[in-house]
Structures are given as C-alpha cells and as structure tokens.
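Just so it is clear, the values below take in all heavy atoms, side chains as well, and ignore hydrogens, waters and symmetry mates. Note that the coordinates shown come from a computational prediction; the quantities given were computed from them, not determined experimentally. Residue numbering restarts at 1 for every chain, and letters A, B, ... go by the order of the sequence lines.
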Number of protein chains: 2
Amino acid sequence: MSETDLPETDVDSAQLDEDDRLKPEFVRSVLDAVEDGDAEAARALVEPLHPADIADLFELTPHELRAALATALENLLDGEVFAEMNDYVREDLIDALSATQVADIASELDTDDAVAIIEDMEPADQREVLRALDPDDRAAIEEALRYPEESAGRLMQRELIAVPEHWSVGDVMDYLRGHEELTTDFWEIFVVDPAHKPVGTVALSWILRTPHGIAISDVMQREQTLIPVDMDQEEVALRFQKYALISAAVVDPAGRLVGMITVDDVVHIISEEAGEDILRLSGAGDGDINEPIHLTVRTRITWLVVNLGTAMLAASVVGLFQGEIGRFALLAVLMPIVSGMGSNAGTQTLAVMVRAIATNQLTSSNTGRMIYREFRIAAANGAMLGALIGIGTLLIFGNVNLAIVIAMAMVINNLIAGLSGVLIPVTLDRLDVDPAVSSAVFVTMMTDVMGFFSFLGLATLFGLGG
Amino acid sequence: MSETDLPETDVDSAQLDEDDRLKPEFVRSVLDAVEDGDAEAARALVEPLHPADIADLFELTPHELRAALATALENLLDGEVFAEMNDYVREDLIDALSATQVADIASELDTDDAVAIIEDMEPADQREVLRALDPDDRAAIEEALRYPEESAGRLMQRELIAVPEHWSVGDVMDYLRGHEELTTDFWEIFVVDPAHKPVGTVALSWILRTPHGIAISDVMQREQTLIPVDMDQEEVALRFQKYALISAAVVDPAGRLVGMITVDDVVHIISEEAGEDILRLSGAGDGDINEPIHLTVRTRITWLVVNLGTAMLAASVVGLFQGEIGRFALLAVLMPIVSGMGSNAGTQTLAVMVRAIATNQLTSSNTGRMIYREFRIAAANGAMLGALIGIGTLLIFGNVNLAIVIAMAMVINNLIAGLSGVLIPVTLDRLDVDPAVSSAVFVTMMTDVMGFFSFLGLATLFGLGG
C-alpha cells in the first residue's frame, strides 16, 4: 500500500521518507552547505524540521562534521534538540560548548530533560554548568542528581500542578488562569493533603467537563499509582504500561509529592528496555551505534572471551573422543549438527523466558507450569528432529547404529536445551542477576558440552569408531 | 534499597509483591476459593484489584480453572479486564461466553478495545456478536474491522473531540460541559475545517490556561503529526515515540479526521514491537507464553528444520576434510571453537543492526559508515581472539602450524561474522523482508560454513593431517 499520496505535513514530504526518516539527499545537501561554509543555506534547510528530526540529523552526521553543523545551525540547536539526541552524540557536542552555553540550554528545559543533558558530563564540567545556572534551576537539578541513575528521581519533572482537597473545580480553573508561571506541560493535576501527600488525581478532561461549583475531591480519582522516588526506571515503565498511565505522582520516602513523570518520558524507556534484552543476550552491551568504537570493542570482546572459555570447554569434551574420531571421522562431520541444533533450540526457549521475566509475566505462580510447558515442547521438537536426522543419516550413510546414535543425541540435547533455556534464566532472576546478560553463555555451554558428549559418548557405547 | 517501607496504596501491599506482580499466595488463595466453590470469598479477594491485575490473575490461572474463575468473579470480569488480557487467554474465555455476553462486554469499551476483543474471533462467532450489538457500536466496529490488521484504523478510537476553527475557548468549554454523551477519555482536542480535515491540535492544559474570549485557532498548535488510517502500528508507535505524542489524529485518504490514537494504546505496541525482535531472531515466533502449545511447537520446529538444513550444509563442508580429520583428529577438536566464536560475534553485530533498523536509526545516510564501523570492530576482535587462541594452541599442543592456522581462521571468521552481521540484515531490509525474522539463519550459516572451511582448508594448505 503506498502512503505517498496520503496527507502529510509539508515537512514530511520534503525532508522525510515514507518511514519518517531523514532522506539521504536532504542530509547530504545540509552537510554540503556546512562544508561550503554556507551557514545560511544550512539553516534555511533545517529550519522547518521538528527538534526530534534535527537531533536525528546530528546522529546521521559523521563525527568530524558535527561541530561545524552545530555552529552553522546557531539557535536552531536548542534544548529540545539536545533532549532528543542520542547520549553519545550529545556528549560529543556538549564537549565543544562552554559551561554558560550548556547552562542556557539546560535552563530552557524541564528538570528531567535538563538532568539528562547534565548527568553524563565529567564532574568538573558539571559543577561549572551548575554554577552558571540560576539558583532555582540549579537547586532542582542538584536535587535530581542526588537520586540514583535510572531512578524515578532522575526521570521526574518538578513542574506540576498540585491543589488542596478543599478547592472547587472553579478554584482550580482560576488558579490555572491566574498564574502565568505555571507549567503548561501537564495532563492531570494532583490533589494533595496539607502535608503535601497526594490523595487523588484528576484528568484535565474531567475538570473541563465538571461544573465550577463541584469540589475537586468529588471528581478526583482516589486510586492512583504512586511512584517512589528511588524506583528503577524499568519498574516505572512497567507500571505506566500496566495501568495505562498518562502521568503519575512521584513521592519521597515520607509520602510527599516531589515530582511527576509523564508518559512521553517513559515511552523511550519502554522501547530501550525492551530492545536491551536482545543486545544483552547477544553480548553486544548497549548496542548503541553512536558509541565510540573502542567502548564497543571492549564490551564485545569481553563476552567473546567468556565464550572462548566455554567453547574450549566444549572442545575439551570432543578431545575425550579423539581416538574414536581418528578411527571414524564421520563422527566429526555430524557432531556440529547435534550441538548446533541444541544451541538453536536453547536460544528459542531462552528468548521467550527472558521476555516473560522482563515483562513480569513469569512469576512464582506459573514457573512450574512454564518448565513443564518447555519440557513438552522440547520433547516434541526433539522427537521430530531426531527422527528426521536419524532417517537422513540412515539413508545417506546406511549405518543403523550411527542413525540411532544421532537421533538419540538429538532428543537428549533438545531436552537439555529446553530445560536449561528455562532453568538458567529463572535461577539467575531469583539470584537478582539480569538473565538477559548472562543466560546465553550458560545455555550455549550446556548445549555444546552436552551435545558433543551425548553424541560422541553414545557413539562410543555403540562401538562406532571402536 | 528496600522499597517495602515506601508508601504504596493498600492494594499493592496486600496482593502485589515489590515488583508489582500478584503474590503467589494471593493467587493460590483465590484459586482455592474457586475450587471450593466459594465464589463469594473469591470475589471478596479480587474486588480491590485493578482491572490490569485481574487480567494478570487470569493469565496466571491454569487453563482448566479459568472458566470457573470467570464464573465466580461474575461482573468483576468486565470489559476493562478483557481489554487488558493476553490474546490467547482472552480467546480461551470468550469461547466460553455467549454472543450476547461478549456484546455486552464490547459495548462498555472504546472502539479500539472492543475491536481488539472481537477481531480474533471466528468469523461466524464474530457475526453473531456484531448482531447482538446496538447499531452505533456495530457500525463503528464493522468499520474498524475493514482496516488491515495491526493498522492505525484498528488501533484508533472514534470517540474524540473535534471543534470548528471559528470557535472561541469559551465555546469549546461550553460544548464540553453541555454534552454529557461526549467521551472523557481525551487529552487533546482537534480543530477541523468545514471538510472535517484537522488543522490543529490543542492540549487541554492550554484550554484551561487561556481566557474564554480567545479564538481556538489562536491557541492551537498547527504543526501536527497526522496518522494515515492504513499506517502500520509499528510505524505509528515510532511516530509517537519520536515526537513524544500524547494523542494523534487519524485521517482517511481524503485527509478527513476519522479517529484518534492515544499514547496508552501505543505503549503496549512499543513494548511488543521492541521485544518481538529478540523472539524472531531466535526463531521463537511471538514467544507468547500463553500460546497453545501445539502452535508454539509448530513455529519453533519450522525454524529448527531450516537450521537443520544449514547445519547439514556446514557438516558437508567438514565432510570435505574427512581424510585430514581421520589422520589428525585434533582438527575436529578445535574446529567448533572457530565456528562457535564466529557465530557469537555475528550475533552481536546482528543484534545491534536489527535494533538500529527497527528504531529507524539506520538509514541510507549512515549505512556505509556502519559497515566500516563493524568491519573495524571485527578486525580488532578477530586480531585479539586470534592471538589468544593461537598462543593457547601453541602452549597446549606445541604445534606452530596448528597455532598459525587457528589464529588465521579466527581472524577470517570474525571478519565474515562482522560483515554478514551488517550486510545480511541491511540487504533483507532493502528487500522489505523483516531482518529480525530471517537474518540469524543466514549469519549462522555463513559463520559455520566459513569457520569450518577456513580452519580445515588452511590446515590442509599447511599440511596438517596430510
């Protein structure tokens, strides 16, 4: 289905492709203008873009040209653009700016976005920027920085609307109209008691639909999800998802309202956290394509070296059977099939379990059921694959014992794959280790070692290569 | 850090653990009550739960007990609970209900949630439910069902607020107060021209903050993201994420406003789509733990059989060198290390690329840069791993030629892993094939085949096993 003749804003059709990505021609023409020193032309091209697209433009620009692009764009590169930018690309640019420039950018933003920009700076640079901020912004940001990284305290904005219980809808409306300095970035207001503890939430649509005289405590929703200020952002994201929240009150340990998290801040986290598993499971770390290359190499080589260890362990199992292989080299030809299939089956189970754990679907109520489920799946798949490879081996090599051995080894290794695919992540999760990070190594080790051992061991028992 | 002494609502502390999952003791006591036929006790336990938690309760309940639980809970099992429920679990329950009961549940919900419940039913059952609905609901749902599955048309709700350009803020407020039948589930209102084409959006906070006399066209935001009604939901989710949207207007091919999508509907999709990659890459299909087991077996065996094919191809490469292996069995011991390490390195690159493609970070502007980046990473990792395994081989086996061969094969296979890890997903994406679904098979095939070939081939060239 073509989307090209569907209505789009002007911006989309000129600079963005049908997938809403910047067109390569467009990126090239901006960078050409920058390289030619024609800052005005570059600005004219970029001006119609949304801040999120300007941020993308910086990400698509090679490292060497980013500073020149930033200089050319002048004030088009504002706080919004920085807030949307990939962390590494932002650091890259921030390094080139003075503390006062960074402070100017940060002061345009809500606390959460300002914190995101400042939190990754070197401590010395950070202090300098904080000194350049005006006292209110500075206090808010310093407070946020006291909370752990990736916690609700870093994510929340202090700009919110809180009203006392005894107000009427009309009072709330007068208050909102009468105070220019209040934020406009809110979707719900919070009702608080005299100790500033949240007692309820009112969606703006309810305020608009309710007569002025009604007490706010009569329209507010009393059941609400309160986010403790030190809650991990992944947990925050799961609550937003589960309860379909638009915004939520953040409370300190004493239960007082200290901030608000809105869904647009959480959406990025949901996507990141869900995408993280695939990267961690493969040992690719953050997997950020903008990460400096030496950091990427360091993360990946670490996992590869760990895998080298397990591969050598598996090889040493093969080494036990060198004599048999020397007498019957066909064993060496077929053994990678058994180990490889086990590793594939194990990865399937592992991927399912890692997702189920990450999305809170796997709890102690259903773990037993899931182990049994995966066992049955492994048995069914193992039986089918074993039959297939056994018949194939018989037809090709005409060796009944070899066919029986490879079929049996396939069944055994599938069961091992299925069981380790569930038990390893579940155990790691109980031990509070992220199963996405370390499970794959153990599962592959199990399926390699046991694949080789069951196939070559059975072959020896059956007198193959004897 | 302990969260237990932090403020939580009463519900949390009694039925939910610190990760916001239902406590196993709680689930057990509900199911015990159901099995004892004490429906009243079951209802009393479940009553304080949020609909999302009641939905979770059904997911955690074994298949055999779900119908009994549904009967016991009576009207606690309402449309909201169904809307939050896993698709398979919902189907399971819906099958047990009459068409009128389903229609009652659907009519409580916004179109998008009603469609989600009805779209997966058998055509005959679906028609019966539609007949049982009142004409307005029926027309809305039938219209939604005409759009492709997983499109914006299925996702949108028809209940929205649209006002003409010439109204003042006061007019809008009078309209909202004066019409009881309007939805309360909205965060922005849409301003439309006489042809019902959207011309702008106003966040409710702006309406509340603006004097009554001001024209709505003066406060509305003209730049808006319009969602074509046939846009794929993954694309919709990416736009919500990129532009931090709370709600967006859905337009038909003529550009008329036909519905609205709100961020809470998109949040589930973002998480699903991001989590899908890991499951697809491993060949685990949807990876839904509630899927009937025969469907799971079917999906997984399909991929395993494909992998069996590639494993046999790799084995046939080993078969070319049977003579050498027979004479020098150590080759068979070491060869899985080369292929296994290649497969690990390839999976790392692949995971990074699949995520970059899924999040629109990889475009034709930076593909060349990424290929070069992965090539350098592969060269660095290959050199380090090659040196490590070469030295290790020399120390353990004291065979210089064998050490040189395995080191060279390791470098070669890492380069192949890196290049196929980028080029295969990028190529598949250009061919409009989902790289997450099919890349892993090709990458593993490349690293297995080339790992065996480079190691055994070099060994032959160096006269090992000769």
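Looking only at heavy-atom pairs under 4.5 Å with chain A, the residue among B/Leu182, B/Val305, B/Leu31 that has the most is B/Leu182. Counting heavy-atom pairs under 4.5 Å between each of A/His268, A/Glu324, A/Arg369, A/Gln322 and chain B puts A/Arg369 at the top. Of all the listed residues (A/Ile337, A/Asn366, A/Thr347), the one sharing the greatest number of non-hydrogen pairs under 4.5 Å with chain B is A/Ile337. Comparing A/Asp185, A/Leu304, A/Asp56 by heavy-atom pairs within less than 4.5 Å of chain B, the highest count is held by A/Leu304. Your options are B/Asp277, B/Val317, B/Leu385, and the one with the most heavy-atom pairs under 4.5 Å with chain A is B/Leu385. Of the listed residues (B/Gly283, B/Ala203, B/Gly340), the greatest number of heavy-atom pairs within a distance under 4.5 Å of chain A belongs to B/Gly283. Residue with the most contacts toward chain B among A/Ala237, A/Ala284, A/Ser271: A/Ser271 (heavy-atom pairs, distance under 4.5 Å). With chain B as the partner, the residue from A/Asn360, A/Asp286, A/Leu362 showing the most heavy-atom pairs under 4.5 Å is A/Asn360. Counting heavy-atom pairs closer than 4.5 Å to chain B, the top residue among A/Thr349, A/Thr299, A/Leu334, A/Thr359 is A/Thr349. The candidate from B/Ser365, B/Gly392, B/Ala311 with the greatest count of non-hydrogen atom pairs under 4.5 Å with chain A is B/Ser365. Looking only at heavy-atom pairs under 4.5 Å with chain A, the residue among B/Val318, B/Leu176, B/Ile289, B/Ile270 that has the most is B/Ile289.
In this structure, the portion of A/Ile246 lying under 4.5 Å from any heavy atom of chain B is its side chain and not its backbone. For a residue to count as touching a neighbouring chain, one of its non-hydrogen atoms must lie under 4.5 Å from one of that chain's; by this rule A/Trp206 touches chain B with the side chain only. In this structure, chain B has a heavy atom under 4.5 Å from the side chain of A/Asn86, while its backbone stays farther away. Residue contact with chain B, scored on non-hydrogen atoms closer than 4.5 Å, involves the side chain of A/Val27 exclusively. At a 4.5 Å heavy-atom cutoff, the contact between A/Leu281 and chain B is made by side-chain atoms alone. The parts of B/Ala345 that come within reach of chain A are both its backbone and its side chain, each placing non-hydrogen atoms under 4.5 angstrom from that chain. Contacts between A/Ile189 and chain B at a heavy-atom distance below 4.5 Å are absent for every atom of the residue. Contacts between A/Glu84 and chain B at a heavy-atom distance below 4.5 Å involve the side chain alone, from C-beta outward. Residue A/Leu238 does not touch chain B at all, counting heavy-atom pairs closer than 4.5 Å. Looking at B/Ile377, both its backbone and its side chain come within 4.5 Å of chain A, counting heavy atoms on both sides. If you measure heavy-atom distances from A/Phe452 to chain B, the contacts under 4.5 Å come from the side chain alone. When heavy atoms are compared at a cutoff of 4.5 Å, A/Thr210 approaches chain B solely by way of its backbone atoms N, CA, C and O. For A/Met370, the part sitting under 4.5 Å from any heavy atom of chain B is the side chain, from C-beta outward, and nothing else. With a threshold of 4.5 angstrom between heavy atoms, B/Pro51 does not approach chain A through any atom at all. Both the backbone and the side chain of A/Ala315 come within less than 4.5 Å of a heavy atom in chain B. Looking at A/Ser343, there are no atoms closer than 4.5 Å to chain B (heavy atoms on both sides), in backbone or side chain. Using a 4.5 Å cut-off between heavy atoms, A/Arg300 touches chain B through backbone and side chain atoms alike.
With rounding to the nearest 0.5 angstrom, the CG atom of A/Leu350 is 11.0 Å from the CD atom of A/Gln348. Interatomic distance, OG1 of B/Thr262 versus CZ of B/Phe186, reported as 12.5 Å (0.5 Å rounding). Put simply, CE on B/Met173 and CD1 on B/Ile207 are 8.0 Å apart, with the number rounded to the nearest 0.5 Å.
Residues A/Lys242 and B/His50 form no side-chain contact, since every pair of their non-hydrogen atoms from C-beta on lies 4.5 Å or further apart. Residues B/Val267 and B/Phe240 are not in side-chain contact: their nearest non-hydrogen atoms beyond the backbone lie 4.5 Å or more apart. Residues A/Met341 and B/Asn307 form a side-chain contact, since some pair of their non-hydrogen atoms from C-beta on lies under 4.5 Å apart. Within the 4.5 Å cutoff, the side chain of B/Met384 has heavy atoms near those of the A/Val297 side chain.
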- Message: Working note: B/Tyr243 + A/Asp264, criterion side chain to side chain donor-acceptor pair (under 3.5 Å); need CA distance, chi angles, decisive distance, verdict.
- Response: CA-CA 9 Å; B/Tyr243 299 117; A/Asp264 51 310; over 6 Å; no
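Across B/Arg256 and B/Pro198, no two heavy atoms sit closer than the pair C-CD, 4.4 Å. Contact between B/Asp20 and A/Glu235 at its shortest, heavy atoms only, is CB-OE2, 4.4 Å. Looking at every heavy atom in both residues, A/Thr225 comes nearest to A/Leu245 through CB-CD1, 3.9 Å.
Counted within 6.0 Å of CE on B/Met312, heavy atoms from surrounding residues, nucleotides or ligands total 12 or fewer; the atom is thus considered open.
Qualifying ring pair (Phe, Tyr, Trp, His ring centres under 6.0 Å) partners for A/His294, counting only residues two or more places apart in sequence or in other chains: none.
Using a distance-only test at 3.5 Å, with no hydrogens or angles considered, no donor-acceptor pair links the side chain of B/Arg376 to the main chain of A/Ile293. Side-chain N or O atoms of B/Ser205 include one that pairs as donor or acceptor with a backbone N or O of A/Thr184 at under 3.5 Å.
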Below 3.5 Å, can you tabulate the donor-acceptor pairs from side chains in residues 325-332 of chain B to any protein atom, sequence neighbours excluded?
from: B/Arg327; atom 1: NE; to: B/Gly465; atom 2: O; distance (Å): 2.6
from: B/Arg327; atom 1: NH2; to: B/Gly465; atom 2: O; distance (Å): 3.4

